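One structure below.
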Amino acid sequence: MQIVLATHNAHKVTELGAILGAAVEGLELLGYDGPEPVEDGTSYLENALIKARAAYAHTGVTSMADDSGIAVEILGGSPGIFSARWAGGRDNVANRQLLLSQLGDVAQEHRAAAFVCTIALVGPDGETSFTGIWPGRVATEEHGEHGFGYDPIFIPEGFEVTAAELEPEVKNSMSHRALALEQLVSYLNAIAE
Ligand code: ITT
């Protein structure tokens, strides 16, 4: 079954491919020349559906989109769906620095956060979606070189290092993205039977 991965984020393409154990192709590689959807939804699900519907409408191929972010408890769930542009642009370094400064010297026990990933699948059989949540806390400073986005300031539950200090295989075995994708794979296997 061919599935278009409706994302321009190369890190998502790499992680989804590694989790699936298969080569997956994002929009760039496919030479996508369709319209860019406006992500103006009010939830991860709405935004994931906006991206997957746009890719399916243009390509006619079953399309999968990932909308994700980091939700910080003491900030009422922010940045949440605004994670990509938290500092105004699409600058990961600025996003991380802003979040660290917003938390300041808040104590460890009040720095709870979670990565959230909703994957939407849109195709001729309709629409479905799956969500994965990876709990942890926000670090006080950046550590690690792996991963992307907020990984250098996210300490997953059960660890004392950031997600960016974990080997990619470790992150990909337990992340919000892995949890959402596992459900999607089970769904695809079930409907293929
Ligand atoms: P597409 O919309 O093209 O898929 P995007 O990067 O704009 O790419 P989102 O709108 O879903 O994707 O924004 C996701 C934000 O959450 C962005 O700031 C990421 O850096 C961050 N994020 C998502 N998953 C992450 C992960 O596994 N590790 C670190 N940061 C992550």
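Bear in mind the structure is a predicted one, so any value in this text is a computation, not a measurement. One-based numbering, in listed order, for ligands and for the atoms of each.
- Of the protein's non-hydrogen atoms, the one nearest atom 10 (O) of ligand 1 is Glu39 OE1, 3.3 Å.
- Under 4.0 Å from ligand 1, not a single heavy atom of Asn47 appears.
- Relative ring orientation between Phe115 and His176 is described as parallel, the plane-to-plane angle staying below 30° on a 0-90° scale split at 30° and 60°.
- Checking side-chain atoms of Glu15 against main-chain N and O of Asn172 turns up no donor-acceptor pair under 3.5 Å.
- The ligand atoms of ligand 1 that sit less than 4.0 angstrom from a heavy atom of Asp67 are 9 (P), 10 (O), 11 (O).
- Among protein heavy atoms, atom 2 (O) of ligand 1 sits closest to Lys51 NZ, 2.8 Å.
- Side chain of Tyr150 to main chain of Leu99: no donor-acceptor pair is present (N/O by atom type, distance under 3.5 Å, no hydrogens or angles).
- Each of the following atoms of ligand 1 lies closer than 4.0 Å to a heavy atom of Asn9: 3 (O), 6 (O), 8 (O).
- In Glu36, the CD atom is crowded: over 12 heavy atoms of neighbouring residues, nucleotides or ligands sit closer than 6.0 Å.
- For atom 24 (N) of ligand 1, the closest non-hydrogen atom on the protein side is Arg177 NH2, 2.9 Å.
- The backbone N or O of Ala84 lies less than 3.5 Å from a partner atom in the side chain of Asn95, making a donor-acceptor pair.
- Contact analysis puts Gly69 in contact with ligand 1, with a non-hydrogen atom separation below 4.0 angstrom.
- In this structure, the protein non-hydrogen atom closest to atom 25 (C) of ligand 1 is Phe148 CZ, 3.4 Å.
- Across the listed options Ala164, Ser68, Ala84, Pro152, Ser68 owns the non-hydrogen atom lying nearest to atom 14 (C) of ligand 1.
- Within ligand 1, counting atoms from 1 as listed, the ones closer than 4.0 Å to a heavy atom of Gly149 are 20 (O), 29 (C), 30 (N).
- Under a 3.5 Å cut-off, the side chain of Arg137 and the backbone N or O of Ile155 do not form any donor-acceptor pair.
- What sits closest to atom 4 (O) of ligand 1 on the protein, heavy atoms only, is Thr7 OG1, 2.5 Å.
- The pair Lys171-Glu165 fails the salt-bridge criterion, with no side-chain N (NZ, NE, NH1 or NH2) lying under 4.0 Å from an Asp/Glu carboxylate O.
- Considering each of Lys171, His176, Arg90, Arg96, the one bringing a non-hydrogen atom nearest atom 7 (O) of ligand 1 is Arg90.
- Listed by atom number, the atoms of ligand 1 under 4.0 Å from His8 heavy atoms are 3 (O).
- Side chains of Ser68 and Asp66: a donor-acceptor N/O pair is present below 3.5 angstrom, by distance only.
- Taking a cut-off of under 4.0 Å to the non-hydrogen atoms of Ser83, the atoms of ligand 1 that pass are 15 (C), 16 (O), 18 (O).
- Between the side chain of Arg111 and the backbone N or O of Val106, at least one donor-acceptor pair lies under 3.5 Å.
- Taking every heavy atom of Lys12 and a limit of under 4.0 angstrom, the matching atoms of ligand 1 come to 1 (P), 4 (O), 5 (P), 8 (O), 9 (P), 11 (O), 12 (O).
- Polar contact check, Tyr150 against ligand 1: a nitrogen or oxygen pair lies under 3.5 Å apart.
- Classification of the Phe148-His11 ring pair by plane angle, with boundaries at 30° and 60°, yields parallel.
- Each of the atoms 26 (C), 28 (N), 29 (C) of ligand 1 lies under 4.0 Å from some heavy atom of Asp151.
- Between the Ser173 side chain and the Val170 main chain, a donor and an acceptor come within less than 3.5 Å of each other.
- Within ligand 1, the atoms closer than 4.0 Å to a non-hydrogen atom of Asn92 are 20 (O), numbered from 1 in the order shown.
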